[in-house]
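Data first, discussion second: the structure below is written as C-alpha cells.
Predicted model only: the values in this text are computed from it and were never measured.
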Amino acid sequence: MTSSHTLPISIPQGRRFDLACLGRLAVDLYAQQIGSSLEDATSFARYLGGSSANIAFGAARLGLRTAMISRVGDEQMGRFLCEALQREGCDVSQIQTDAQRLTGLVLLGIKDRDTFPLLFYRENCADMALDAAQIDGDFIAQCRALLITGTHLSTPTVQAASVVALAHASRHGLLRVLDIDYRPVLWGLTQPGEGANRYVADAAVTARLQAMLPSFDLLIGTEEEFLIAGGVPGDLMASLRAVRGVTAAAMVVKLGAAGCCYIPGAVPARIDDAPTARGERVEVLNVLGAGDAFAAGLLTGLLRGMDFQAAARQANACGAIVVSRHACSAAMPTMAELEHWFSGSRNPQVDADAQLAHLHRSTVARKPRPSLAVLAFDHRAQFADLAREAGSDESRLPALKQLLVQATAEVETSHALQGRVGVLIDGFYGADALAAATGRGWFVGRPVELPLSRPLQFDQTVSVASQLVAWPAEQVVKCLVYYHPDDTVALRLAQEAQLHTLWEATRASGHELLLELVPPAAQGPHDQADAGRDELVLRSIQRLYNLGFKPEWWKLAPLSPPAWERLAHLIAARDPHCRGVVILGLNQPLDYLAQSFVEARNPIIKGFMVGRTLWAAASLRWLQNQINDETLVHEVAGNFRALVEAWDASRAPTTNAAIHPA
C-alpha cells in the first residue's frame, strides 16, 4: 500500500541529470514602475522567462542537475537565455536554434497586489516551433524526471515534440510531470491583450489535455487549471474526479495562500480531506512566477527523496519568497535562503529581511574569481599630474588608457590569465578604455568616488543610484574611502552616510561593490612592524560590518601576517559569503609588493589590484614623447607579468620574493 505522503511510483537513481524541462523559453521584460499600467510603464528590466525555463532555472539554483529542452532564435535574446541558464548550471545542449523565428517575449507589469498585466509576443516564436525530430532519446535516458508545461500541448507542432519526449521518458522509466500552466491567451481563447486571464472554459482544450493526461505520473496545477483539465466549470472536486477518471497520476493542487494539497489516489469528498501543506504568510508584490518557483521547490524535494509534506513545505516557501520580489527567474531562492527561511530567525516581512536579501545576492551562481590579477588605472588626479609634469595635454590621456588595456590583454594571453585578469578604469579619461575592457570576461572595476575627497563625495553626481542605472551589470563599483574610526563625529557620520547611500544603490542595481579602505595617513610605505596601522584597518572594517555593510570585495594595503589572520576570522564571522580581499599597491616598489604577497598567504586574499607601480614611469615617458605606443605597452606589460609571476610564486610551496620585470 502506498502512503498518502509519497509518490505512487519509483524515480530512477544514478543518472546524469535530475530533471529535464520541456516548454516555454522566452524573455521577460518587467515594468520597473510598480503601480503603473503597462500603458504608462517607462522602463523595463530583462530576465529569463517562460514557465518551463523558470522551473529549470529555479531547480538548478536549488542544486538539481537540470536540462532545458526548447528552441530559441538565432539572435541576441536567444543567446542571452542560454547564457542565463548556463550560469545557473542548467544544461542547454538540447535547446534548438531557429534561423527563421525570433525568441519569444513577454511584457509584464505590477499594477497592484491583484493586477499583473501580461502581454505575450509569441506569434510564430521559436519555442513554439520545437522540432520533434530533434528530440534526443539518448539524452532523455540520462534524466530522472521530465517536466512539460501545458502550453506545449496547445498546437500540433509542440504537442508532437512533447509526445516524442514522453515516449522516450516512458521507455526509460522517468518521472513524467505535467505543470498544467493554463494560459487561455496561448490557446487562442482571448484577445492578445488579455494575457493575465487565467481561466476560460473550453471543451476542446479539456479534450486535448485529457488525451495527454495518461502519459504523466504527476500533475501540478492551480484550482483553475484543474477545472480546465477536468472540464467541470465551477466544481473543483468534480473536475478532479474527471481527471482521475482518465489517469492514475498523482495530483498536487495549488491553493494559493492556503498552500497545496496532494491526491495520490482516490479523490476525497472534500479538498480539505486531502493531505495539505499550509502556505507561508507574506506580503505579495508579484504573483507572477510563484507557481514556477513552487514547482521547482516541489520537484527538488521529491527528487531528493522527501515525502510530500517536506517537499511541499519547501515548495510553498519558494513560492512565498518569489511573490515578495520583482522578477520570476531572478527571484528564485537558493538553498541558503531556504535554510534561513526555516531557521526561525527570519523577518516576517520578507522585503525587510536584510539577511535574506544578502543571501540572495551572495549565494546565487556568480562568475568564479578564485584569483585576481588586476591592472589598476582608474586614477584621475595622478594622470592629470603626469600630464602636467610632462608638459603634455590632458587630451592624450584617453589614448594612454586604451594602450593600458592593450598591455592587460597582452599579459592575459602570455600568462593564460583568462578568468583571472582584470582592470580598474574610470569613466572620465578612461571611457573608451572602459568600453574596450567590458564584455571580455575580465574583472572590470569602475570608481564612483571624487578623487581625494574626504568626506567621501561621488564623482560627477550627487545621486550615485541614478548613475549606476547606465552601467553594465558586469562592472564592479569601486569606491576608495579615506576612513578612520576615530575621526570627529561629524566627519565619521558624513563618511558613513555616503557609504550607506552607495550600499543601497548597489543593492538596488545589482552591481558588486569593491570597497577600498585607506587610513588617511597611510600614504607611505607600510612598516610591517606598525601594528597600530593594522589595528586601525581591522577596527575600521569591524565598524563597517557593525553598520551592516557587507561589500563583495575589500581592497587593502598590505597587512602583517597576524593581521591578515585576524581579518580572515572577522570576515568568516561577519560575512562568510564575502568574495575576498585584494591587495592595493600605493605606488610601492615591485620587490616590496612581492614580499607583501609572501606575507599574505591566507586564502581570503584573492589577488592584487596595482596601478602606478606598473605604469607611472612608462606613462610619463610616453607623455614626454620619449617612447612610442609599442614601447609603452611592452614596458607596462613586462611589469604586470612580473607581478603576476610574483603572486603565483607566493602561492607555491617554496617562495622567492624577488622579482625581475622584463
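- Within the 6.0 Å centre-distance limit, the rings of W554 and Y545 are counted as a close aromatic pair.
- Of the possible polar contacts, none joining the H511 side chain to the V469 backbone as a donor-acceptor pair under 3.5 Å is found.
- Using a 4.5 Å heavy-atom cutoff, the side chains of F549 and L515 are not in contact.
- Side-chain atoms of Q495 come within 3.5 Å of backbone atoms of Y482 as a donor-acceptor pair (strictly under, hydrogens ignored).
- Here the side chains of Q542 and L570 are in contact, with some heavy-atom distance below 4.5 Å.
- A donor-acceptor contact closer than 3.5 angstrom links the side chains of H340 and D353.
- Not counting sequence neighbours, the partners of T631 by the side-chain contact (heavy atoms from CB on, under 4.5 Å) test are I627, N628, E635.
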Where do F377 and Y429 land on the side chain to side chain contact (heavy atoms under 4.5 Å, CB included) test, with the steps shown first?
-> CA-CA 10 Å; F377 48 100; Y429 297 128; over 6 Å; no
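- Note that the CG atom of L397 and the OG atom of S395 stand 8.0 Å from one another [nearest 0.5 Å].
- Without hydrogens or angle criteria, D28 side chain to C328 main chain gives no donor-acceptor distance under 3.5 Å.
- Aromatic ring pairs are classed by plane angle as parallel below 30°, tilted from 30° to 60° and perpendicular above 60°; the pair F443 and W553 is perpendicular.
- Just one of R539, R454, R492 meets the salt bridge (charged side-chain N to carboxylate O under 4.0 Å, His left out) condition when paired with D487; it is R454.
- For the residue pair Y483/E496, the side-chain donor-acceptor check at 3.5 Å is satisfied.
- Here the side chains of V405 and R440 are in contact, with some heavy-atom distance below 4.5 Å.
- We find that E88 and R61 are joined by a salt bridge, their nearest charged nitrogen and carboxylate oxygen being less than 4.0 Å apart.
- Using a 4.5 Å cut-off on side-chain heavy atoms (C-beta onward), L567 and I571 make contact.
- A donor-acceptor contact under 3.5 angstrom links the side chains of D629 and W622, judged on distance only.
- Formation of a donor-acceptor pair under 3.5 Å by the T334 side chain with backbone atoms of V364 is not found in this model.
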Trace of the side chain to side chain contact (heavy atoms under 4.5 Å, CB included) decision for R361 with K550 = CA-CA 11 Å; R361 281 182 60 97; K550 296 178 180 179; over 6 Å; no
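- Of the possible polar contacts, none joining the H484 side chain to the L536 backbone as a donor-acceptor pair under 3.5 Å is found.
- Here the side chain of Q314 pairs a donor or acceptor atom with the backbone of G297 at under 3.5 angstrom.
- Under a cut-off of 6.0 angstrom, the local environment of CD in E630 is sparse, with at most 12 non-hydrogen atoms contributed by other residues, nucleotides or ligands.
- How far CG of N602 is from CH2 of W564: 9.0 Å, rounded to the nearest 0.5 Å.
- Using a 4.5 Å cut-off on side-chain heavy atoms (C-beta onward), D459 and D426 make no contact.
- H360 and R325 share a donor-acceptor pair across their side chains, judged by distance under 3.5 Å alone.
- Using a distance-only test at 3.5 Å, with no hydrogens or angles considered, a donor-acceptor pair links the side chain of W615 to the main chain of A376.
- Side-chain contact of T42 with Q33: a donor-acceptor pair under 3.5 Å is present, judged by distance alone.
- Contact check on R507 versus E552 returns a salt bridge, with a Lys/Arg side-chain nitrogen under 4.0 Å from an Asp/Glu carboxylate oxygen.
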Determine, stepwise, if the pair R420 / H415 fulfils side chain to side chain contact (heavy atoms under 4.5 Å, CB included).
-> CA-CA 10 Å; R420 291 180 57 195; H415 281 55; over 6 Å; no
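- Using a cutoff of 4.0 Å between basic side-chain nitrogens and carboxylate oxygens, E535 and R566 are scored as salt-bridged.
- Partners of W647 under the ring pair (Phe, Tyr, Trp, His ring centres under 6.0 Å) rule, at least two apart in sequence or in another chain, are F597.
- At a threshold of 4.5 Å between non-hydrogen side-chain atoms, the residues I605 and I583 count as touching.
- At least one donor-acceptor pair under 3.5 Å links the side chain of Q588 to the backbone N or O of L586.
- Between D385 and R388, at least one side-chain N (NZ, or NE/NH1/NH2) sits under 4.0 Å from a carboxylate O, which counts as a salt bridge.
- When each of I541, N546, L544 is checked for a side-chain contact (heavy atoms from CB on, under 4.5 Å) with R574, only N546 meets the rule.
- The shortest non-hydrogen separation linking P551 to L513 is CB-O, 3.7 Å.
- Between E449 and K478 a salt bridge is recorded (basic side-chain N to carboxylate O distance below 4.0 Å).
- Using a distance-only test at 3.5 Å, with no hydrogens or angles considered, no donor-acceptor pair links the side chain of R46 to the main chain of V27.
- The minimum heavy-atom distance between G422 and W442, with the atom names listed, is CA-CB, 4.3 Å.
- When all heavy atoms of P398 and E394 are compared, the pair lying nearest together is CD-O, 3.7 Å.
- We find that R87 and E474 are not joined by a salt bridge, their nearest charged nitrogen and carboxylate oxygen being 4.0 Å or further apart.
- Here the side chains of L403 and V636 are not in contact, with every heavy-atom distance at 4.5 Å or above.
- Taking the side chain as every heavy atom from C-beta outward, M609 and E516 never approach each other to under 4.5 Å.
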Could you give me the CA-CA distance, side-chain angles and deciding distance for W503 and L547, then say whether side chain to side chain contact (heavy atoms under 4.5 Å, CB included) is met?
-> CA-CA 11 Å; W503 171 254; L547 293 172; over 6 Å; no
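- Using modelled atom types, no side-chain atom of Q475 and backbone atom of R446 make a donor-acceptor pair closer than 3.5 Å.
- Note: H634 NE2 to R641 CZ = 7.0 Å, rounded to the nearest 0.5 Å.
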